[in-house]
Structure formats: C-alpha cells, structure tokens
J.: 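The structure is given below, and queries will be raised subsequently.
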Amino acid sequence: MSEFAPISIYLVISPLVSLILLGLPFPFASNSSTYPEKLSAYECGFDPFGDARSRFDIRFYLVSILFIIPDPEVTFSFPWAVPPNKIDLFGFWSMMAFLLILTIGSFYEWKRGASDRE
C-alpha cells in the first residue's frame with residue numbers, strides 16, 4: 001500500500017490547490033453590479049447597436065474549423081519524424097494511409113467550396 005502513497009497524496013493535494021486558487025479571488029472581488037458601465041456591451045469604443053446575440057453566417061464556424069484541423073495533423077505526423085531506415089513497412093504505409101485520408105478530405109473541402117469567399 002505504501003507504493004500508492006505518492007499518488008494518493010497527489011490526488012488529495014491537487015484538487016485542494018485548484019479549489020484554493022479558484023476561490024481565492026472571490027473575497028477580494030468588488031461588486032460589479034454597482035458599475036452599470038461594466039455591465040454594458042463593449043464594441044471597440046462605440047456605443048453598441050443591434051442585438052449582441054443575433055445570428056450570423058455559418059461560414060464563420062467553418063473557417064474556424066478549417067484552421068483548427070491542421071493542429072492534430074501536425075501532432076499525428078510527429079511519430080513519423082524518424083529516419084527512414086528506422087521505420088518498418090507498417091509505419092510507412094500507415095503514414096501513407098493517413099496522408100491519403102487528409103488529401104481526400106482536402107479535396108472534398110475544396111470541391112464543396114468550403115474556403116470560397118463571396
């Protein structure tokens with residue numbers, strides 16, 4: 001049982017530290033409801049016009065997703081950053097399959113016009 005002592009200490013101390021760090025600002029925070037200017041919407045120094053929760057085009061989401069996708073691609077490519085003589089045929093063909101899937105996805109996005117602008 002003594003080999004689990006460091007893990008159990010970690011499991012007790014880490015939530016306590018997290019809760020202390022999350023709760024520490026509350027006693028020192030001021031009541032923001034006394035400042036009505038802080039409760040108003042901020043639009044780059046201009047007075048807000050229109051509803052802040054209005055609908056907008058779905059292409060904004062699509063563009064953000066197209067920028068997020070390359071991050072996992074780079075992460076999954078790191079294991080193949082080894083000399084070619086150190087990787088076997090399975091590693092080579094798995095990388096080729098991964099790149100084929102990425103290429104098919106890129107062509108699909110291109111044909112669907114995901115990155116086209118009006």
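Numbers here simply count residues along the sequence, with the first being 1. Bear in mind the structure is a predicted one, so any value in this text is a computation, not a measurement. Hydrogens, waters and symmetry mates are skipped; everything else that's a heavy atom, side chains included, is used.
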J.: Cluster partners of L24, using ILVMFWY side-chain heavy atoms under 4.5 angstrom, listed by chain and number?
T.: F28

J.: Same cluster for M96 and F90 if Ile/Leu/Val/Met/Phe/Trp/Tyr side chains link at under 4.5 Å?
T.: no

J.: With a 3.5 Å cut-off and sequence neighbours excluded, list the donor-acceptor pairs that the side chains of residues 97-108 form with protein atoms.
T.:
| unit_1 | atom_1 | unit_2 | atom_2 | d |
| --- | --- | --- | --- | --- |
| T103 | OG1 | L99 | O | 2.7 |
| S106 | OG | L102 | O | 2.9 |

J.: Report all side-chain donor-acceptor pairs from residues 1-12 shorter than 3.5 Å, counting only partners two or more places apart or in another chain.
T.:
| unit_1 | atom_1 | unit_2 | atom_2 | d |
| --- | --- | --- | --- | --- |
| S8 | OG | F4 | O | 3.2 |
| S8 | OG | A5 | O | 2.9 |

J.: Applying a strict under-4.5 Å side-chain criterion to I, L, V, M, F, W and Y, I'd like to know whether L89 and M95 cluster together.
T.: yes

